[in-house]
Each structure stands twice: as structure tokens, then as C-alpha cells.
Undergrad: 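So that we are looking at the same thing, I have put the structure below in C-alpha cells.
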Amino acid sequence: MRWSALMEPARLAAVPQRDYRFPVRGRERGVYRLLIVGALDHVVSVRLEPDMPYAVAGHPDWLHGHGEQWRRAYLYVPRGSVGLHLAVVEYDQPRQRRVVVYKPDGSELAATVPGQIFYKTVVDFSQPQQLWDQVLRLEVSPGQNDFLLLVKFRLEKNVNVHCRGERVVPAVLAADEATARAVRNGAIYHDGEVFWHGFQVRFHDWLKKLRPEDFEVRNDKGEPAAPAPGYPPGQKLPVLPQRPNFLPVNGPYGAPPLCDLILHHYPAHKNRAALNVALRELFAGLRAIGPNDHVSVALGGPFANLAYEFSNYAWQYWRPAWRVLQHSDAPDEVKAIVREAFLVAGDRLAFCRSWERVNGNAYAQVLAALRYCYEATGDPLQKELFDTYWQRFVSGGWGERVGVGPSGPVQEGFAYAYHYASYILTTWQAILADLPDARMQKVYDGVRRWFSYTLADDNVPAGPWSSRTHYYPHWKIETEGPFAWKGLPGPDFTESVNGANEWFASRRKNYYILTYHGRLTPKWETHSHLGQSGYGGGMICQLHVPGQGLVLASVLSGAYGENMDVSQWRGFRLHTLAGIQADDSPFVAGDSEHFDARLVGQRVESSGPIRGTPLHVSRAYTFRDEAIVCEVQLRETPDTDLLTLWLKNPFRGKVREAYELIPFLPQGKARAGQKPSPTRVTVLGDDGQAGEPLADKPVVARGVLLDRGGFGVRIIFDQPRPVFRTAQGVLFVRLTDTLVPASEVRFSYRLISFGN
């Protein structure tokens, strides 16, 4: 379906239409602002009664353009602008649109280049003040397809506005110059400052009434004092403040604003000057709210993910608002201002569910912010918005692979991240302590339970499925309680982790093993990374000898797919089947999702298509007391009948090279006061006895012994097979080096751990 078809009249005529009428209170002269937030496929038309001129801005980023829409528009330049961002998207071909912004004198200020799906540019105003209060002209060239248009004014730095990133505001497009001047891009000029909301103006005026000495914090003896522990008098933003009994809302991932610390301690001393300092800091944060009702910034280009910049992640003013409104003796006048501000901000945050959904570590902070917000305002609609947002967050209602996943963690990049999944365990400590909630506690406990299976000894990042980075989580192994790490010695078990059939874990006296069979980052997202971000396919993530240490561990080589493209498989440190197809293209069996994974008794079986290939792989593990039996089978895709409906491809379903990769820790266990020795890797003969050391040249063997210093694993092959090792710590067991049908590639072997 063509993207532009969304707006075709015939399609719209077939879609049910809903009409709403909203009476506007008051008929004062001035500029009214109507904010519309919908879903990506909503088409909205607005009629004003009586008819009045209007101007339009997109938020947070884009305006949709259809036909002759925005053929010519006028943009008022608000004071404080120092440049602009300009971008255009045209999905369908032919891509003909060219967007030009002209200065008041008619010269070209910025332009896009037609023919690209996406084009962006950034402009610095050479003499900014000469363009303030002026009107620019924007023109979009004719074209037969719809487009997306982004224009944002870049604002000068202001130490009295607290936010992360570059301050921006969306440009407001008017049909004529007079309307553009009347609307002023939504700006409110007051007392020599630029504001965007009435509550900002009133907050400014209230603070202006206070005297300088009203902000001088003094102790009971009348001596100058810090407004909060860890802040010397006069210091505004600390790097590492002291935090007695204080839980920051974003854990260790950013210093809290001064007002959050002050208001945390305020009930103990009720120092009015300290409260005034906190209110001034809260006002500085609220000044970052733009005419689009959200923090209006850009980071690394024209965009900003509002889950980071508007939630508890970077804009940590939601809890201070709750403390001001519910726990302080601030004057009623300023409480009314703060409440209005967070009615505006909270309503908008509840509709941040586009790009925000991708980064689970920050997306979870939207929930925490909304929870503080409705507790602060006491507004029933905001509570309803939170409840709706929460229900969709935990049930997949915001989209497939979004929010809390079946196995427990909050998903990241439409799959599971290892490192980022741990952020919620520190960032949600504050909300759970301040506002206990059984729903949030259940999710929190589910993540802790998941980590009790997936963490690895010695901080080895044995998370090959990770959809983002290769780093170890920011959470330590727990040694006792309901979330104690399963790799510790303990009773035997074999389980599906959190009952989701994605991870399976088994423990016996001499081993703990974890395998992964579940979802991976979609290929369309991986194409924008450096390589494949995360692998699975039923691979062994870790094999641990309880009480001793890791022996086998699958780890990624870099973040965001760095050094993990399928073509780089010879350098992987993953447990996977990999090789070369008949047409010389590579395959990695770990690049597969096994949605049929099931545990029956002590046996796990799973299978799935290898993405981007006509191959299918199946794996099975049988967990016995003395050993783990591992089986892998390659086959041609079951869709062969369809693919050969007319012509048969002689290369399809055949491979010319295939290896089972088994990664191990190349260094022995570090002992106190001793340097670790290399892991002893030796060939096993037919009698099971260790022979010569295994090197990087293939030798035919019955198996391999891995000894990390008195503990390790014997790997017994189903038959003698060529095998070699790499210096990085990977066994390559050759299954074929001649052209064969995929169905002839099969392998079984036993893992016999020792040393406990």
C-alpha cells in the first residue's frame, strides 16, 4: 500500500467519521491554542465557528502535507531564535518535493534536496536579532505524493531554563503574513522574557515579588546554610551530591534537580527560604515546556525522544510537583500555578507513545512520571490516563514487542536488552518507595526474577540476545531471598523462565545452564545498526559449575551490532550453527526466533527459520543428572513447495560449509593472589582421556576437554569430528566442508561438567 493512500478521498470516504464539538469558554480577544494529539493514522479536520484565521504547527516533529497543502506558508521568527532545523520526508516515488525557506528580502535561507526519502539540514542565523519579529516565507514545490515537513526554530541558550539538549520550538505555519505576526509562533513576550504559557508568566510574576533575602537559606542560628544536603550555599547543580535517605527518580543516570532534594528534606525543617529556592528551580524546569505542551528540545539533530527528555529520565520535575502540591505549605497562589502547569504537562505526556516506545529503559520512566503527576494534581482524568497507559504498557496494547515482554523485562528495540533491562531496578526504587503500587511492584519483581536466571558470574555479559548493547547489567547477583541467583548451588530444577518459553534454565549439582529461544530485534531495525543486534535460536547463553564458575558463555562483540553482522560469523563468540550456503552467502542459525519452544519433562525442543535464508534450524536439550544432551538439525525451509512452484533453484537449501560454534572462557578462574592461567583445552580420544592441547588447526577428535582450573566441561561428540579452537575462546566443530543438502547437517553431543 502506498503511504500517500492514507489521505486519498476514496479511502477516507470509506472510513467511519466521528464528529466532536467543543464549546470555548470565554470570548476574549486574543490568540487561542488548540492542541490535537492522535495516532499516526488519524486524519483530522477542524472547523471554527465563527470562521477565524489560524496557523498550524506539528509536534513534537512533523506536519503531514497533502496535495497543495503548505504550498506557501509564512513563519514568524520568535525572539531568541538563533537558527532553524528543516527536514522533509517523502516515502513514495517519484520524490519530487523541494522545500525552501526565504528571508524577508527574498533570498534563500534554507532548502531541501528532492529525490531522497529523508533530507535534513540545520541553519545558523548569521545575525539572529535582525530576523527576530520578522516573517519568513516557506514554499513546497508541487508533487503527486504526500510528505512530512519539519521546521523548528533553534533558541539561544538560557541559564534560567533547565533542560537537556538544544532548546527548540516548532515553527507555526500561517496562510498569510498578518496571521503569522498575530500568532507570533505562540510566543508570549513579558517583562523582557520569552514565554510560551500563561502559567509561566504568572509563576515569573509571583517569584518577582519575592525579595533577594527570601532566597537566603539560613539555619536556626541565622547562619548561611545549604538548601539541601550536599549543596554548598550558592551551588545550583551538583555532580555528585550527598543523598542521605534520598532515592533519585532516575537512579544513577543523571543528577536530580535542586528542587527535588530540597523538597525531600523540607518536611523536616520547613525552611521557607529553602522552599522558595525549590520553587525557583521548579520554575526553571517548567520554562522548558514549549507551545506544544512538552519539553521542547533537540539532541543530535532536529529530534528528541520524549521518553528521555520529558519523563523522569532527564526532566525530573514530576516528583517535586507532587511534593509542592501535596506535602508543602507553599502559598495557594503558587500551588494553583503549579497544578495548572502539570495538568498541561501530564495530559501531553500521556500521549507520548510513538518513538518513546522503542527505548524501554526510558519508556518505563513515562509511567513513573504519570504516576507522580496524577497524585500531584488529584485530577481524575489524569488518573484515567495513567491507568489506560499502564494497562497497555503491560499487555502489548501499545504495539507488538512494546512495554513489558512475556518474560518480564521491559522490551527495548522490540526485543530484550541485557544491560538496559536493569535500569528499571534502580529508577523505579523511588516511585515504589514514595507511592507503593502493587501493579508496579509486580513488574519490578518480574524483572528481578528474570535477572535471577540471566545474570552471570564474574560480570561476564552472557546476554547474546541483547537488542542494544553488549554491556553487563547494572544489577548485582543476589545471593539470598526469592530472587537469589539460580547459578548458586541448590536443589535441582528445570524451568521455563517466568513461564514464557523464551528462556529455559536447568540446575543440577554439577551444572547450571541457560538457553534462549525467543524474540530478536526485527531485521528492519537491524539494518540501521552496525550489524545484527542480538542472537538467539536456542543457543546456550551460559554453562556454570555451581560454586566454581562459568565455563561456556555466549557474548556479543559490540554494541548495536558492532562486529556482529552475519558475514562476520567466524569471529563470533556465540553458541550457534553457522557457515556458508551454496551461493556463498553466510548463515547463522542464531539469527532465528523459535516460537514453538516447549519444555516437556527434562527436554526442551524448539525450531524456527533462519532469517534471510531458505534454511530452518531445530535445537533440543535433554537435562540429565550427569550430562546435558545437545542436538542441532539444519533443514531446508518448509516453504519449499511455494518457492519451487515454477522454477527450482539448484542452490536453495544447500550448504557448502557448516560449523557448530561453542564459546568458552579462555582464561581460568582468577584465584585470590594469583594470576589466572589460560583455560586448558585438550582433545579427547575414543577412550575419553585427554590428549594433546587443541590449537587453531583442525584435528579429528571424539571430543574436547575444557578445564578452567579444576572445574570445567567434557564435550563428547556423537562421532569423531574435525575441531579447532580460536584464541578468543571458541571451539569450531566442523559438520561439513562439501556441498550437501541442509538436511544432512546434524550434530549431537554431551556436556559433562565437573569440579563441583
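Keep in mind that the numbers below use all heavy atoms, side chains included, and drop hydrogens, waters and symmetry copies. The model shown is predicted, which means the values in this text are computed figures rather than measured ones.
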Undergrad: Could you tell me whether the side chains of Glu495 and Tyr453 share a donor-acceptor contact shorter than 3.5 Å?
TA: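 There is such a pair between these side chains.
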Undergrad: Please walk me through it: do Asn459 and Tyr471 pass side-chain contact (heavy atoms from CB on, under 4.5 Å)?
TA: CA-CA 9 Å; Asn459 290 337; Tyr471 304 122; over 6 Å; no
Undergrad: So for atom CZ, which belongs to Arg603, do other residues, nucleotides or ligands contribute more than 12 heavy atoms lying within a distance under 6.0 Å?
TA: yes
Undergrad: Keeping the roles fixed (side chain from Thr576, backbone from Gly590), state whether a donor-acceptor pair exists under 3.5 Å.
TA: yes
Undergrad: Is the shortest distance from a Lys or Arg side-chain nitrogen in Asp437 or Arg371 to a carboxylate oxygen in the other one below 4.0 Å?
TA: yes
Undergrad: Ser422 and His474: which non-hydrogen atoms are nearest, and at how many Å?
TA: OG-N, 2.8 Å
Undergrad: Considering only heavy atoms from C-beta outward, does the side chain of Glu660 approach that of Tyr749 to under 4.5 Å?
TA: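 Heavy-atom side-chain distance check passes, below 4.5 Å.
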Undergrad: Other residues, nucleotides and ligands only: do more than 12 of their heavy atoms fall within 6.0 Å of NZ on Lys523?
TA: yes
Undergrad: Go through the steps to decide whether Gln581 and Ser585 satisfy the test side chain to side chain donor-acceptor pair (under 3.5 Å), and finish with yes or no.
TA: CA-CA 5 Å; Gln581 299 180 74; Ser585 61; 3.0 Å; yes
Undergrad: Side chains of Gln391 and Ser395: any donor to acceptor distance under 3.5 Å?
TA: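 The answer is yes; a qualifying pair exists.
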Undergrad: Please step through side-chain contact (heavy atoms from CB on, under 4.5 Å) for the pair Leu514 and Val497, ending with a clear verdict.
TA: CA-CA 9 Å; Leu514 179 74; Val497 174; 4.2 Å; yes
Undergrad: Would Gln548 and Asn756 count as having a side-chain donor-acceptor pair, cut-off 3.5 Å?
TA: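 Side chains of Gln548 and Asn756: no pair found under 3.5 Å.
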Undergrad: Would you check, one step at a time, whether the test salt bridge (Lys or Arg N to Asp or Glu O under 4.0 Å) holds for Lys383 with Glu375?
TA: CA-CA 8 Å; Lys383 182 181 185 304; Glu375 291 285 354; over 6 Å; no
Undergrad: Are the side chain of Ser466 and the backbone of Thr469 linked by a donor-acceptor contact shorter than 3.5 Å?
TA: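 Indeed, once roles are kept as given, a pair shorter than 3.5 Å links the two residues.
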Undergrad: Indicate yes or no: at least one non-hydrogen side-chain atom of Tyr313 is less than 4.5 angstrom from one of Val249.
TA: no
Undergrad: Dump the intermediate steps for ring-ring contact (aromatic ring centres under 6.0 Å, His included) on Tyr535 and Tyr516, then the final yes or no.
TA: CA-CA 9 Å; Tyr535 287 84; Tyr516 183 63; over 10 Å; no
Undergrad: Take atom CZ of Arg439 as the centre, draw a 6.0 Å sphere, and report whether it contains more than 12 heavy atoms from other residues, nucleotides or ligands.
TA: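 More than 12 within 6.0 Å, yes.
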Undergrad: Do the non-hydrogen side-chain atoms of Asn361 and Tyr253 ever get within less than 4.5 Å of each other?
TA: no
Undergrad: Would the distance check show the side chain of His575 and the main-chain N or O of Ile540 forming a donor-acceptor pair, the cut-off being under 3.5 Å?
TA: yes
Undergrad: Whether the Ser592 and Arg619 side chains hold a donor-acceptor pair (N or O, under 3.5 Å, no angle test) is what I'd like checked.
TA: no
Undergrad: Are the side chains of Val555 and His470 in touch, meaning some heavy atoms are under 4.5 Å apart?
TA: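 Val555 does not reach His470 side chain to side chain.
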Undergrad: Classify the side-chain pair Asn498/Ser407 by whether it contains a donor and acceptor separated by less than 3.5 Å.
TA: no
Undergrad: Look at Arg598 together with Glu502 and state whether they make a salt bridge at an N to O cut-off of under 4.0 Å.
TA: no
Undergrad: Flag the pair Ile715 / Leu706 as yes when at least one side-chain heavy-atom distance between them is below 4.5 Å, and no otherwise.
TA: yes
Undergrad: Between Leu577 and Leu735, which heavy-atom pair has the shortest distance, and what is it?
TA: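 Heavy-atom minimum between the residues: CD1-CD1, 3.5 Å.
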Undergrad: Under the ring-ring contact (aromatic ring centres under 6.0 Å, His included) rule, what do Tyr389 and Trp398 come out as? Steps first, then yes or no, please.
TA: CA-CA 8 Å; Tyr389 205 108; Trp398 287 128; 5.0 Å; yes
Undergrad: Taking the side chain as C-beta and beyond, is there a heavy-atom pair between Arg708 and Leu665 under 4.5 Å?
TA: yes
Undergrad: Less than 3.5 Å apart, any donor N or O on the side chain of Ser748 or Glu631 sitting next to an acceptor on the other?
TA: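 No, no side-chain donor-acceptor pair sits under 3.5 Å.
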Undergrad: Indicate yes or no for a side-chain donor-acceptor contact from Asp639 to the backbone of Leu642 under 3.5 Å, with no hydrogens or angles considered.
TA: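 Checked: no pair found.
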Undergrad: So which atom in Phe451 and which in Leu425 form the shortest heavy-atom distance, rounded to 0.1 Å?
TA: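 That would be CD1-CD1, 3.6 Å.
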Undergrad: Can you tell me if Arg635 uses its side chain to pair, donor with acceptor, with the backbone of Ser618 under 3.5 Å?
TA: no
Undergrad: Arg401 side chain to Leu520 main-chain N or O, any donor-acceptor pair under 3.5 Å?
TA: yes
Undergrad: Looking only at side-chain N and O atoms, does Asn305 offer a donor or acceptor that is under 3.5 Å from a partner on Glu356?
TA: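 On atom types as modelled, these side chains do not qualify, holding no pair under 3.5 Å.
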Undergrad: Under 3.5 Å, is there a donor-acceptor pair between the Arg746 and Gln633 side chains?
TA: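 Yes, Gln633 and Arg746 have a side-chain donor paired with an acceptor closer than 3.5 Å.
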Undergrad: Parallel under 30°, tilted from 30 to 60°, perpendicular over 60°: which one fits the rings of His517 and Phe504?
TA: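 Rings of His517 and Phe504: perpendicular, over 60°.
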Undergrad: What I want to check is whether the side chains of Ser467 and Glu412 have a donor and an acceptor closer together than 3.5 Å.
TA: no
Undergrad: Taking atom types as modelled, is there a side-chain donor on Asp565 or Gln532 under 3.5 Å from an acceptor on the other?
TA: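 Looking only at side-chain atoms, Gln532 and Asp565 do not form any donor-acceptor pair under 3.5 Å.
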Undergrad: For the residue pair Cys352 and Arg348, establish whether any side-chain heavy-atom pair is separated by less than 4.5 Å.
TA: yes
Undergrad: Whether the side chain of Gln542 engages the backbone of Leu455 through a donor-acceptor N/O pair (distance < 3.5 Å, no angle test) should be reported.
TA: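 Side chain of Gln542 to backbone of Leu455: a pair is present.
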Undergrad: With a 3.5 Å distance limit and no angle check, can you tell me whether Thr388 reaches the backbone of Leu385 through a side-chain donor-acceptor pair?
TA: no
Undergrad: List the steps and the verdict of salt bridge (Lys or Arg N to Asp or Glu O under 4.0 Å) for Asp387 and Arg392.
TA: CA-CA 9 Å; Asp387 290 339; Arg392 296 181 182 182; over 6 Å; no
Undergrad: Look at the aromatic rings of Tyr374 and Phe386 and report parallel, tilted or perpendicular, splitting at 30° and 60°.
TA: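 Rings of Tyr374 and Phe386: tilted, as their planes differ by 30° to 60°.
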Undergrad: I'd like to know whether the aromatic ring centres of Tyr512 and His544 sit less than 6.0 Å apart in this structure.
TA: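 Aromatic pair excluded; centres sit 6.0 Å or further apart.
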Undergrad: Verify whether the ring centers belonging to Tyr420 and Tyr423 lie closer than 6.0 Å.
TA: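 Ring centres of Tyr423 and Tyr420 closer than 6.0 Å.
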Undergrad: Evaluate Arg714 against Phe754 for side-chain contact (heavy atoms from CB on, under 4.5 Å), listing each step before the verdict.
TA: CA-CA 8 Å; Arg714 287 182 175 84; Phe754 63 89; 3.8 Å; yes
Undergrad: For the residue pair Trp465 and Trp503, does the interplanar ring angle fall in the parallel (under 30°), tilted (30 to 60°) or perpendicular (over 60°) class?
TA: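 Rings of Trp465 and Trp503: perpendicular, over 60°.
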Undergrad: Any non-hydrogen side-chain atom of Thr736 less than 4.5 Å from a side-chain atom of Val655?
TA: yes
Undergrad: I'd like to know if the side chain of Asn501 pairs up with that of Ser496 as donor and acceptor (distance under 3.5 Å, no hydrogens or angles considered).
TA: yes
Undergrad: His529 and Glu562: side-chain donor and acceptor closer than 3.5 Å?
TA: no
Undergrad: Regarding Thr494 and Ser506, is there a side-chain donor-to-acceptor distance under 3.5 Å anywhere?
TA: yes
Undergrad: Anything under 30° is parallel, anything over 60° is perpendicular, the rest tilted; go ahead and classify Tyr372 against Trp322.
TA: tilted
Undergrad: Could you check whether the rings of Tyr444 and Trp475 sit parallel, tilted or perpendicular, using 30° and 60° as the cut-offs?
TA: perpendicular
Undergrad: Are Glu636 and Arg652 close enough for a salt bridge, meaning some N to O gap below 4.0 Å?
TA: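 Salt bridge flag = no for Arg652 with Glu636.
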Undergrad: Run the ring-centre check on Tyr308 versus Trp355 and record whether the distance is less than 6.0 Å.
TA: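 No.
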Undergrad: Using the ring of each side chain (for Trp, its six-membered ring), is Phe414 parallel, tilted or perpendicular to Trp524, with breaks at 30° and 60°?
TA: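 If you compare the ring of Phe414 with that of Trp524, the planes turn out tilted.
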Undergrad: Looking at Glu480, I'd like to know if its CD atom is crowded, meaning that more than 12 non-hydrogen atoms belonging to other residues, nucleotides or ligands lie closer than 6.0 Å.
TA: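 No - once you tally the heavy atoms of other residues, nucleotides and ligands closer than 6.0 Å, there are 12 at most.
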Undergrad: Does the pair Leu349 and Val366 meet the rule for a side-chain contact (heavy atoms from CB on, under 4.5 Å), with working shown?
TA: CA-CA 7 Å; Leu349 182 66; Val366 173; 4.0 Å; yes
